[in-house]
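Everything on this sheet refers to the single structure shown next.
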Protein chains: 2
Amino acid sequence: MSRRPTSFGKLAGAGPPVATIYDVAARAGVSIKSVSRVLNKEPHVSEKLRLKILDAVAALDFHPNVSARGLAGKSRLVLVLVDAELTLSHLRSEHGNLYFDRLQLGAMLKCREHGYHLIVELVAPGADKLGETLSSLRPDGVVLTPPSCDDVTILDKLDRAGTPYARISPSRFFERGLRVFIDEAQAAQEITASLIDLGHRRIGFIAGPKDYGASQTRQAGYLQAMSAAGLEVKPEWISLGDFTFESGIDSAAALLGQTPRPTAIFASNDDMALAVVHKAAELGIKVPDALSVVGFDDALSARFCLPPLTTVRQPISEMASKAVELLIAGGEAKDCTDAAQLPYRLVIRGSTAMVSSD
Amino acid sequence: MSRRPTSFGKLAGAGPPVATIYDVAARAGVSIKSVSRVLNKEPHVSEKLRLKILDAVAALDFHPNVSARGLAGKSRLVLVLVDAELTLSHLRSEHGNLYFDRLQLGAMLKCREHGYHLIVELVAPGADKLGETLSSLRPDGVVLTPPSCDDVTILDKLDRAGTPYARISPSRFFERGLRVFIDEAQAAQEITASLIDLGHRRIGFIAGPKDYGASQTRQAGYLQAMSAAGLEVKPEWISLGDFTFESGIDSAAALLGQTPRPTAIFASNDDMALAVVHKAAELGIKVPDALSVVGFDDALSARFCLPPLTTVRQPISEMASKAVELLIAGGEAKDCTDAAQLPYRLVIRGSTAMVSSD
DNA sequence: ATCGCTATTGACACCGCTGTCTTTCGCCAT
DNA sequence: ATGGCGAAAGACAGCGGTGTCAATAGCGAT
């Protein structure tokens, strides 16, 4: 047994005494290594010793020091990277956005459950400070959200640092890192079906860039819903966008210029859906009376535009929780899953309605 | 010079090599202590050495390990305690709330500025896990917001742990911890004056509990504005509440039952102001047409009720930034301020209007 | 050239815990 | 009893920094 002087009870000026592993070991009459074994649920500890140690731990209200553990092994820190531009734009617009609240809540609770802690850091495209943060903090895992989860620079830096990361709803590079996502094909199919149920027959679709996996998937869902309903899809009903508002304007113009024009448009993301609403207003087409519009993502703006957008919501909080879970599991075993699919939810808002007299 | 084997370049399985202070020392041909001195801007380092070391630091892209520093000295961690109930209720209500986004952004940027990191943790009344978090994380400081910044249990635990904390907009125990706040008296005076400017003469006031400092201060501001405008304040115009919605209902009933009744009511917090709006609707009194209502705090609900509430907004982001600044300064010097006052802002919304024909 | 002093610099212990390796213990077979 | 063995428990060396104190260097005064 070590004769190292225990710090417990010393009357240092700063804070009151805080129990260390040495104090616990001394009180239980064992070596610190045994205490460590119990704390980490390692095998090879007799039940008798285990109980004695647990007693001492409780009596001293001992909690292992994160820094010390981090120095010797895992940091037990999970880093959440918050996108700088996105955050700033939220703050500028007076719109509330629950994305980060939900995200953090989910991540935080899961962290707590496992004795991990959540560090929040801002990241700007280019990720100047990321390398510094990684090497000085050495988090056990990083949670990424759109759009930064698709930023090559960031992914590269993480790979180079050898830090595991979980990407929430990535829209490309599907082979990189751990991933948490929803079944986009199914969701796309379902939201298309909801338009069909409202009586729509001529339903236009605005695709995303063809090199984005998400884009392909959503289009497949749209096509499948149409064919399942026995509806024909005219080639000109599908317009190619690139997920930006601007491209949405062009696509909307192309779609709405047709005769007869579609009575509903499914834009494969909210930005483009917003553009459709915008263009429709410009053309004097009333939404949802004369045109139903649906998007995808439940973006911040979707909730606050006029009319608010019917779209697909992802369960952010659960996804964050799952992301942390995967990261922690990944640190403890090699044979763990590297991806998880969660249930989505259709959010019906004011931008859709029964088809008007056709 | 130490002959300790440098870890730089070792081909460990996990991550790529990361420079340590030993690597820097070796490359610069100095002792690690000198490197440490330079990193911490300590005196007693010759300019020549300093430059050599800085060169090595840059060349190796070295960033000191937070865990190691934490173990030996300061943790460089700032903890933000997020109120559990508040957060959950935000999530339940579909209302957006920028409070935490603003708070975190401000705190985060200031942390980054000083090489600190932000840890976010949930805290529930009772603060079960707080002791554990404090003793295992040993943060250099904690940022508290309402309502947890007024929770005795939490303050006690922090004091007992000897952890410095900064309270944002505390409403009691003004002598405890570091404080960041706005000039409530002045703000109350100004918002009262704004009612007077709208032509109101009979302005009711709903006070908070008399043992709350904030309450006293706001009332003083109200009285001062009235007297500055040469307006009399009838005793029955002041009703005592306790900052809860329920007490606001009672006070509103008392105030609105008078003849002639006030044309405007200043409730000393938003919850009570909301209650006034509620009671007025019940009595068939239109807000703002027949009654102007103002609150205080710019609470979450203030923005989203109908009509949205005119109130006083605190600069959350700046306050958080200031809080972190105070905490960090406090850790480095003894003679630092323990309180800071920041500018507020009147937020004029739909609950106030020119007084109607009297 | 020598002494004295202060400004630099370095050696070394230590922060609290985990990984590795050794020692010791309990128990069964011989 | 005696040897063999796997499980239990401990000793000890780091992890990457910081604090303390001793060693050294630089430099004006004598």
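Below, read A as the first sequence line, B as the second, and so on, with proteins coming before strands; counting in each chain starts at 1.
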Which part of the nucleic acid does L39(B) contact within heavy-atom distance under 4.0 Å: base, sugar-phosphate only, or nothing? nothing
Would you say S67(A) reaches dG16(C)'s phosphate, i.e. side-chain N/O to OP1/OP2 under 4.0 Å? no
Expressed as a whole number of angstroms, how long is the span from R138(B):CZ to dC17(C):C1'? 14 Å
Measure the distance from NZ on K52(B) to C1' on dG10(C) and round it to the nearest whole Å. 13 Å
Any N/O donor-acceptor pair, Y22(B) side-chain to dC15(D) base, under 3.5 Å: no
May I ask you to say what V45(B) touches in the nucleic acid, namely base, sugar-phosphate or nothing, with a heavy-atom cut-off under 4.0 Å? sugar-phosphate
Presence of S36(B) side-chain N/O under 4.0 Å of dG17(D) phosphate oxygens OP1/OP2: no
Rounded to the nearest angstrom, tell me the gap between atom NE2 in H63(B) and atom C1' in dG16(D). 15 Å
With a 4.5 Å heavy-atom cut-off, do R69(B) and L39(B) have their side chains touching? yes
Where the side chain of K33(B) is defined as all heavy atoms beyond and including C-beta, which of dC17(C), dG10(C), dA7(D) is the nearest nucleotide? dG10(C)
What integer distance in Å separates N65(B):CG from dG14(D):P? 18 Å
Protein-nucleotide distance (R50(B), atom CZ; dA7(C), atom P), rounded to Å: 18 Å
Assert: residue with more 5' nearest nucleotide on DNA chain C, out of S34(B) and F62(A), is S34(B)
Under a 4.5 Å cut-off applied to non-hydrogen side-chain atoms, are L109(A) and E113(A) in contact? no
Within this structure, what is the CG-to-C1' distance between L71(A) and dC17(C), rounded to whole angstrom? 8 Å
Measure from the side-chain heavy atoms of T20(B) and tell me the nearest of dG16(C), dT9(C), dG16(D). dG16(D)
Derivation of the side-chain contact (heavy atoms from CB on, under 4.5 Å) call for S36(A) and I21(A): CA-CA 8 Å; S36(A) 173; I21(A) 197 173; 4.1 Å; yes
Would you say that V45(B) contacts S34(B) through its side chain, given a criterion of any heavy-atom pair below 4.5 Å between the two side chains? no
Rounded to the nearest angstrom, tell me the gap between atom NZ in K41(B) and atom C1' in dT18(D). 16 Å
N40(B) side-chain proximity, nearest of dT9(C), dT18(C), dT18(D): dT18(D)
Touch check for E42(A), heavy atoms < 4.0 angstrom, all strands: base, sugar-phosphate only, or nothing? sugar-phosphate
Given V142(A), which partner from the list V78(A), L77(A), L79(A) fulfils the side chain to side chain contact (heavy atoms under 4.5 Å, CB included) test? L79(A)
Among dT9(C), dT18(D), dC17(C), the one nearest A72(B) by side-chain distance: dT18(D)
Minimum-distance nucleotide (side-chain atoms of R37(B) versus dA8(D), dC17(C), dC21(D)): dC21(D)
Of the listed nucleotides dG10(C), dT18(D), dT18(C), the one nearest the side chain of R69(A): dT18(C)
So, is S46(B) close to the dA7(C) phosphate, meaning a side-chain N or O under 4.0 Å from OP1 or OP2? no
Return the nearest nucleotide to the side chain of S31(A); candidates are dA7(D), dC17(C), dG10(D). dG10(D)
Picking from dA7(D), dC17(C), dG10(C), the nucleotide nearest the side-chain atoms of L49(B) would be dG10(C)
In whole angstrom, give the distance that lies between atom NE2 of H44(A) and atom C1' of dG19(C). 13 Å
Carefully, step by step, assess R179(B) and D338(B) under the rule salt bridge (charged side-chain N to carboxylate O under 4.0 Å, His left out). CA-CA 6 Å; R179(B) 284 139 288 134; D338(B) 68 343; 2.9 Å; yes
